[in-house]
Amino acid sequence: MLKNLFKGLRTLSNLSIFKMVRYFVNPYEDSIATASPINKEEVLTQITDHVNSISKRLTPSRKNVNGGLYVGCTGISYMFYYLAKNPFLSEFKGVYFEKSLDYLKPALETSAGDKTSFLLGDAGTLALASVLNKELGGNQFPDALAKYRALQNYYLNPKFLKCGGDEFFVGRAGYIAGALWINRELQAQVLSKEELYKICDMIIASGREYSAKHKSPCPLMYHYYNTEYLGAAHGISFILQMLMNVPGYLEHNVQALNDVRATLNFIVSLQTEDGNWPCCMDEIGQSDHKLVHWCHGAPGTIYLMAKAYLMFKDKRFMNACIKAGDLVWQKGLLRKGPGICHGVAGNGYVFLLLHRLTGDEKYLIKAKLFADFMMSDDFLRDARLPDNPESLYEGTAGTVCFLADLLVPDKAEFPFQDVFTVY
């Protein structure tokens, strides 16, 4: 079924029309009420076909380590781990754990290039090794957890990274995301409350200092390579979400709570009439914000709005989520491919989030229709081939996680961005 998945994707990718039009017209606008329910056998077949293709095209070798969780073999290891935890795939649990081990070993044998980077480097590999070690009996990577813990002192250096040391990919927020994920998976604390609070204090101090220096309109602001991103990938949305995810931190640091709330109020005020957010502070005031991606735009910022609603019960944040979902429905069938960072699966996750947040079945149907579209002739013919077509964030490994979550929508979560767990 999937042997022609990317057939013809490159043929039209350089035409000007594809550069101007970032998304396919949604063909399902009038068919939500009559859409068929999720066919679990069909989803399972799609997962199997994708997994077989990924296993053939991206092998567990040292040459594929670079890029870590984001586009390297660690991301494939995460996909297999995620599948092994899915109850609808329990008959393959042992096989998937072994495959996860196969793809993780090369990443532990050679560095991805940056030991402190969670998404792009070795920190993410150590996080996955820590939880996989437990599932495999505790003897495969017995020192992985200790190595992850040992990284914490790097993030306490105020000058940790000159390029911007607070965001998700390479910064403090990513390390916290990994620690919280390990906590949940192991049902044990990788870092103590006090240790987590120290890193959060550093994030707050960094945001205050940058905001004051650059006269930002909110008390906390951050940069990545001198760009003040607002979205999830490198921006303030993910950073603030992690500050709210750390249990008890904002109750412990009341001034931090005040700064977070004031910054949240500023960010929600930036939502445009059509439901999107600017990519960065430099774009505020522009009339057309084209990026409707998890990395930049509403599909990533919605997680911050959802967390803010769950924490503060302010309907402005829920309304922002609904508005963002409407935008994704209109403009979320991206031509960029199937991935979760800037592709259709990542935007489909918006509806799984809204389904959990509201309980409304229409969002589950919308998620299912986004999955259907990735098997349509239009998508298979005209979507672009990602730079890393099998990877977790850019390619089909992330799509597999999205499809697996269609089977368990009440537990669905974008990787490392759970807004519902009270850690």
Side-chain angles (χ1 to χ4, degrees), residues 1-10 38-61 64 67 69-104 128 294 333-349 351-352 367-409 412-415:
M1 182 185 294
L2 293 177
K3 65 181 180 180
N4 295 320
L5 178 60
F6 294 117
K7 184 179 181 180
L9 295 189
R10 288 193 175 96
I38 293 171
N39 183 321
K40 293 180 178 178
E41 290 302 318
E42 185 177 286
V43 173
L44 289 169
T45 297
Q46 291 177 33
I47 289 172
T48 299
D49 288 348
H50 279 304
V51 166
N52 289 340
S53 177
I54 291 167
S55 298
K56 291 177 182 178
R57 293 172 179 270
L58 197 153
T59 58
S61 62
N64 292 323
L69 281 162
Y70 189 70
V71 295
C73 61
T74 301
I76 310 302
S77 177
Y78 173 87
M79 177 199 75
F80 280 116
Y81 174 82
Y82 202 66
L83 292 177
K85 303 285 280 188
N86 191 299
F88 284 92
L89 294 158
S90 58
E91 64 179 300
F92 306 111
K93 183 176 181 178
V95 173
Y96 286 150
F97 277 138
E98 286 300 319
K99 293 286 283 184
S100 181
L101 174 63
D102 289 343
Y103 277 89
L104 194 60
L128 182 55
W294 168 81
L333 292 172
L334 300 177
R335 292 183 180 273
K336 278 200 163 188
I340 61 173
C341 182
H342 37 263
V344 176
N347 287 353
Y349 260 118
F351 303 119
L352 291 178
K368 184 259 185 186
L369 291 172
F370 267 46
D372 288 348
F373 188 77
M374 287 187 282
M375 300 303 296
S376 70
D377 290 341
D378 285 347
F379 183 82
L380 295 175
R381 181 183 63 246
D382 295 336
R384 299 174 189 171
L385 182 69
D387 292 337
N388 299 278
E390 293 82 33
S391 64
L392 179 61
Y393 275 78
E394 290 187 356
T396 50
T399 309
V400 167
C401 294
F402 170 62
L403 292 171
D405 277 343
L406 286 176
L407 302 174
V408 286
E413 61 181 61
F414 193 97

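From a predicted model like this one, the values you see are computed outputs, not experimental measurements.
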>> Tell me if the centroids of the rings in Trp294 and Phe414 come within less than 6.0 Å of each other.
In response: yes

> If you measure from CG on Leu69 to CE on Met79, what distance do you get to the nearest 0.5 Å?
Replying inline: 13.0 Å

>> In the structure I gave you, are the side-chain heavy atoms of Pro389 and Pro338 within less than 4.5 Å of one another anywhere?
In response: no

> Are the side chain of Ser376 and the backbone of Phe379 linked by a donor-acceptor contact shorter than 3.5 Å?
Replying inline: yes

> Should the pair Tyr78 and Tyr82 be assigned to parallel (<30°), tilted (30 to 60°) or perpendicular (>60°) ring geometry?
Replying inline: parallel

> side-chain hydrogen bond (donor to acceptor under 3.5 Å, both in side chains): which pairs involve residues 92-101, sequence neighbours left out?
Replying inline: Ser77-Ser100

> Is the Phe97 ring parallel, tilted or perpendicular to the Tyr81 ring (thresholds 30°, 60°)?
Replying inline: tilted

> Listed by chain and number, what are the ring-ring contact (aromatic ring centres under 6.0 Å, His included) partners of Tyr70, not counting sequence neighbours?
Replying inline: Phe169, Tyr393

>> Quick check against the 3.5 Å criterion: does Ser53 have a side-chain atom that pairs as donor or acceptor with the backbone of His50?
In response: no

> With distance as the sole criterion, is a donor-acceptor pair present between the side chains of Asp405 and Tyr349 under 3.5 Å?
Replying inline: yes

> Is the backbone N or O of Ser391 less than 3.5 Å from a side-chain atom of Asn388, with the two atoms forming a donor-acceptor pair by type?
Replying inline: no

> What's the spacing between Ile47 CD1 and Leu406 CG if we round to 0.5 Å?
Replying inline: 8.0 Å

>> I want to check something: taking the side chain as every heavy atom from C-beta on, are Asn347 and Leu333 in contact at a cut-off of under 4.5 Å?
In response: no

> Which residues pass the side-chain hydrogen bond (donor to acceptor under 3.5 Å, both in side chains) test with Asn86, sequence neighbours left out?
Replying inline: none

